[in-house]
Amino acid sequence: MADTHPNVRVRFCPSPTGNPHVGLVRTALFNWAYARHHGGTLVFRIEDTDAARDSEDSYNQLLEAMRWLGFDWDEGPEVGGPHAPYRQSQRMDIYADVAQKLLAAGHAYHCYCTTEELDARREAARAAGKPSGYDGHCRALTEDQVAVYRQEGRTPIVRFRMPDTPLTFDDLVRGPITFDPKDVPDYGIVRANGAPLYTLVNPVDDALMEITHVLRGEDLLSSTPRQIALYAALAEIGVGNGSTPRFGHLPYVMGEGNKKLSKRDPQASLNLYRERGFLPEGLLNYLALLGWSLAEDRDVFDMAEMVAAFDIDDVNGNPARFDLKKCEHLNAEHVRRLAPEEFVRRLVPYLQAPGLLPAEPGAEQLDLLAKVAPLTQERMVVLGEIVNMAGFLFVDPAAFTVDEEDAAKVLTADARPVLEASIKALEGLADFTPEPIQAALREALVDGLGIKPKFAFTPLRVAVTGRRVSPPLFESMELLGRAETLRRLAAAVELTPAS
RNA sequence: GGCCCUGUAGCGCAGAGGCAGGCGCGCCACCCUCUCAAGGUGGAAACGCCGGUUCGAAUCCGGCCGGGGCCCCCA
């Protein structure tokens with residue numbers, strides 16, 4: 001806070017392949033928080049250079065997810081900016097031009113090796129215990145050799161020529177890291193068909209967009225020396241402003257069994273969390289804890305607090321395991337923090353999904369929801385639970401059913417007199433509100449039949465709400481109304497075996 | 001196989017030479033209680049290993065072991 005740098009320019013640059021996953025969200029979060037903390041600029045860039053994997057659908061999902069999470073960006077799709085366009089598929093001429101310049105300046109060269117040849121040599125190198133990257137085969141081809149290759153019909157890729165000096169950088173998370181040139185071989189930057197690769201377009205755009213800090217996943221740590229070398233070459237040929245960004249590599253988000261959380265892992269899918277009813281607040285709060293902490297003794301915070309406190313130096317380099325239980329707990333905390341009206345507002349879609357509420361809920365339905373919501377708010381981990389918790393109030397009475405398992409356990413022969421006595425007690429009750437309901441039922445069941453409260457009320461709960469777990473019983477009865485309550489109690493009597 | 005990152009309770013984070021260790025989740029017990037939650041109280045549980053530096057090491061150094069990643073005409 002005291003030490004902010006408004007000139008910070010960071011970027012979030014996902015590739016639109018499939019569903020957004022939580023690791024991606026964590027990276028976006030840290031970049032966003034870093035930009036906002038420093039009062040800098042967040043650039044949102046779409047890296048859709050792989051036609052085989054990227055899709056328009058994924059692109060739309062990505063934007064939608066960013067909006068849902070509450071991230072805003074200063075430059076990028078839909079907001080534009082001085083470095084537009086921000087979709088790499090629309091910048092192909094730029095990359096072709098840069099590749100041409102790199103070739104002309106000798107920083108890159110044509111490589112005619114086939115994939116098969118490369119694979120074979122890589123295997124051999126590995127077997128011999130040597131670094132298995134590209135071996136420099138085409139670094140210095142003679143014109144005759146080139147002519148031969150061309151005659152064979154080979155089309156070359158463009159390969160970047162790495163310098164032969166050690167490359168060091170000071171990682172913002174991990175400190176100084178040095179790579180020996182023999183471990184960082186020349187690498188491809190343009191496919192044989194002319195399509196540029198990530199290895200080219202990512203640094204080129206970072207240079208052109210004047211990115212100052214690159215915060216990304218640890219999986220890209222070992223390609224950082226290549227990018228630094230490419231930056232130097234770009235500076236030399238006049239692409240970008242000549243400066244190299246700082247790099248910070250965020251810890252992995254691990255899934256079950258010490259494996260990097262994969263896109264295919266269902267636990268990784270952002271959409272799944274949305275569907276279950278996670279709040280953006282809760283999910284982001286949890287994700288922030290994967291590699292960072294606000295304070296020693298505080299886990300629950302909102303994004304404003306995170307922005308105020310976040311800095312990259314405080315990020316921990318350890319891989320972090322995604323702990324669903326803790327994620328759920330934090331979500332529950334945020335659910336409880338919601339203002340009542342806001343809580344109700346967010347609940348609506350989750351009741352609409354299974355058809356318990358229509359697309360345009362009526363005033364009466366919303367009123368009922370507003371009344372039951374407070375009874376559920378602190379019992380809830382994810383919003384989707386509203387369906388099981390309060391569905392009994394919204395379901396068409398004709399369609400109301402009792403959970404089979406719960407009925408089998410609770411609506412036994414013993415329950416029959418309990419239900420019958422309850423009906424009798426409630427029928428003539430003058431004031432059908434929680435206090436009188438409770439008093440009447442206690443008198444009839446606990447005092448009258450000598451049954452412990454716990455066992456007296458459970459059959460009623462199952463009869464009225466359909467489940468053994470529900471919002472408080474007497475309030476539930478009031479909201480259901482006397483007529484329907486009595487009808488359900490009577491129906492439950494029919495379900496009990498006659499003794 | 002080579003290189004790089006990483007190693008504090010089951011999990012996530014604090015602690016950065018000085019009482020062997022803090023917080024949260026989870027777990028166990030008890031209290032509260034119409035169910036489930038929430039809340040309250042208490043409890044079990046950790047510095048990967050071996051050396052070195054030092055009066056003193058979770059903290060500094062080296063080695064080992066473990067985990068992960070990268071090494072692609074994917075990003």
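The shown structure was predicted, so the numbers you read here are calculated from the model rather than taken from an experiment.
The base of B:G24 lies close enough to the side chain of A:Lys326 for a donor and an acceptor atom to sit less than 3.5 Å apart. A donor-acceptor contact under 3.5 angstrom links the side-chain atoms of A:Ser132 to the base of B:C71. For B:C36, its base sits under 3.5 Å from the side chain of A:Arg379 at one donor and acceptor pair at least. Side chain A:Arg461 to base B:C34: a donor-acceptor pair is found below 3.5 Å.
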Taking only Watson-Crick and G-U wobble pairs with both distances under 3.5 Å, what dot-bracket line describes RNA chain B, where [ ] shows pairs that cross earlier ones and | shows pairs with another strand? ((((((((.[[[[.)..(...]]]].(((((.......)))))....[[[[[..)....]]]]])))))))....

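Between B:G48 and B:A14, the distance separating the two P atoms is 16 Å to the nearest Å. The same atom, P, is picked in B:U59 and in B:C50; the two are 13 Å apart, to the nearest Å. Taking atom C1' on both nucleotides, B:C11 is separated from B:A20 by 22 Å, rounded to a whole Å. Annotation: B:G52 and B:U8 have their P atoms spaced 24 Å apart (nearest Å).
Among the heavy atoms of the strands lying under 4.0 Å from A:Gly291 are primed sugar atoms or P, OP1, OP2 only; no base atom is included. Using a 4.0 Å heavy-atom distance criterion, A:Asp323 is classed as a base contact. Using a 4.0 Å heavy-atom criterion, one finds that A:Ala320 contacts the sugar-phosphate atoms exclusively. Base engagement by A:Glu475 is indicated by at least one non-hydrogen atom pair under 4.0 Å involving a base atom. Among the atoms of the strands shown, only primed sugar atoms or phosphate atoms (P, OP1, OP2) are found under 4.0 Å from some heavy atom of A:Leu290. A:Asp48 comes within contact range of no nucleotide atom at all, as no heavy-atom separation falls under 4.0 Å. As judged by a 4.0 angstrom heavy-atom cut-off over every strand, A:Thr49 is placed among residues touching the sugar-phosphate backbone only. Counting any heavy atom pair closer than 4.0 Å across all strands shown, A:Pro472 reaches a base atom. Across all strands shown, A:Arg336 has heavy atoms under 4.0 Å from sugar-phosphate atoms exclusively, and none from any base. Within 4.0 Å of A:Leu330, counting heavy atoms only, lies no atom of the nucleic acid at all. Within 4.0 Å of A:Leu197, counting heavy atoms only, lie sugar-phosphate atoms of the nucleic acid but no base atom. Nucleic acid contact for A:Asn316: sugar-phosphate only, since backbone atoms but no base atoms lie under 4.0 Å from a heavy atom of the residue.
In this structure, CG of A:Asp219 is placed 11 Å from C1' of B:G68, rounded to the nearest angstrom. A:Arg321 places its CZ atom 14 Å from the C1' atom of B:A9, with the value rounded to the nearest Å. Across the protein-nucleic acid pair, A:Glu296 atom CD and B:A14 atom C1' stand 4 Å apart, rounded to whole Å.
Within the structure, a side-chain polar atom (N or O) of A:Asn318 is placed less than 4.0 Å from OP1 or OP2 of B:G7. Note on A:Arg126: every side-chain N or O is 4.0 Å or more away from OP1 and OP2 of B:C71. At B:C34, one or more side-chain N or O atoms of A:Arg442 fall inside 4.0 Å of OP1 or OP2 (strictly under the cut-off).
Distance from the side chain of A:Val469 is smallest to B:U35 among B:G12, B:C72, B:U35. Checking B:C73, B:G68, B:U6 against the side-chain heavy atoms of A:Met254 singles out B:G68 as nearest. In this structure, of B:A75, B:C13, B:G68, it is B:G68 that holds the atom nearest to the side chain of A:Tyr252. The nucleotide whose nearest atom lies closest to any side-chain atom of A:Glu47 is, among B:G68, B:C13, B:A75, B:A75.
The main-chain N or O of A:Asp406 is never found under 3.5 Å from a side-chain atom of A:Arg467 such that the two would form a donor-acceptor pair. Formation of a donor-acceptor pair under 3.5 Å by the A:Arg126 side chain with backbone atoms of A:Ser132 is not found in this model.
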